[in-house]
Amino acid sequence: MQTVRQLDALRGAVATWRAAGERVALVPTMGALHDGHMALVEAARRAAQRVVVSIFVNPKQFGANEDLAKYPRKELADSRMLAAAGVELLWLPPVELMYPDGFVTNVAVRGVGEVLDGAHRPGHFDGVATVVTKLLNQVRPDIALFGEKDWQQLAVIRRLVADLDLDVEILGVPTQREDDGLALSSRNAYLIPEERTRAVALPRALGVAERAIARGGDAETALAQAREMLVTAGFEVDYVTLADAETLGDPIEGRPMRLLAAARIGGTRLIDNIPLNTNDYG
Ligand code: PAF
């Protein structure tokens, strides 16, 4: 695996593959890799001959009170995992390359980027959209893969790629979960054992709400029950909601819908989401 920190070296490697007619996949990450990331890498392997993984802890997507300084950084372990998984190139852009002096451009995705996490974490999706636009321009992959765990992020990226006519396919990869259902996340590492035990309430609350709504129950009642389950487990709830799967706005009969939640346990903010499978109870 090549580890590359300069743009011309990255572009040179990708140009060589393209000249040979090979398809290139990009998996953008912030490192601290776990099995969720590795599922993205495996899906990338199936989708393209050459896989590039980027690791960049993007300061622009962290709010002033968020965990940029303590965000886990595990470059050596990450690099070993990626090499073992057959990744061809690890893109490690330095912060001065991503945001040189004088950098003022901001990519803001209105609507889908303004609700839910967009409202609770002002500026977060601008940071994501700006860095993903840069990463896509730097690597110019045929396909880029993102986890469905960050469903709203995926929806924001799909919108931005469509709006800006970016010539890349975006593939969402299903959420990887622990045996008890907790979605894999780099932030799970912050949970002390007692919080980890309680954290399973998050996927369970979504599952309870999903089954109630899919059976024809009242959505608001089901969502209130899910919120109550989270509070009982010791969470502070930011939101538990049912939304249109693409726009994240109000759900519309006949269109795919998604149940999404964000809640804090101890100092750790967790998010999760599941589809509303109205076909389960035909
Ligand atoms: O999902 C992430 O790890 C990040 O938000 C991303 C897409 C790499 C942008 O920094």
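One is the number of the first residue; the rest follow in order along the sequence. Remember, it's 1-based here, ligands and their atoms both numbered in the order they're listed.
Taking the salt bridge (charged side-chain N to carboxylate O under 4.0 Å, His left out) definition, one finds that Arg140 meets it with nothing, sequence neighbours left out. Taking Arg159 as the reference, Val109, Val112, Ala162, Asp163, Glu246 meet the side chain to side chain contact (heavy atoms under 4.5 Å, CB included) condition, with sequence neighbours excluded.
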Identify all N/O pairs between ligand 1 and the protein with a separation under 3.5 Å and present them as a table of atom names and distances.
| from | atom 1 | to | atom 2 | distance (Å) |
| --- | --- | --- | --- | --- |
| ligand 1 | 1 (O) | Gln153 | NE2 | 2.8 |
| ligand 1 | 5 (O) | Gln61 | NE2 | 2.9 |
| ligand 1 | 5 (O) | Gln153 | OE1 | 2.7 |
| ligand 1 | 10 (O) | Gln61 | OE1 | 2.6 |

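Salt bridge status for Lys60 with Asp126: absent, with no side-chain N to carboxylate O gap under 4.0 Å.
In this pair, Phe103 and Tyr99 present their aromatic rings perpendicular. The plane angle is above 60°, beyond the 30 to 60° band.
A 6.0 Å sphere centred on CG of Asn137 holds more than 12 heavy atoms belonging to other residues, nucleotides or ligands.
Here ring-ring contact (aromatic ring centres under 6.0 Å, His included) pairs that include residues 204-253, with residues two or more places apart or in two chains, are His120-Tyr239.
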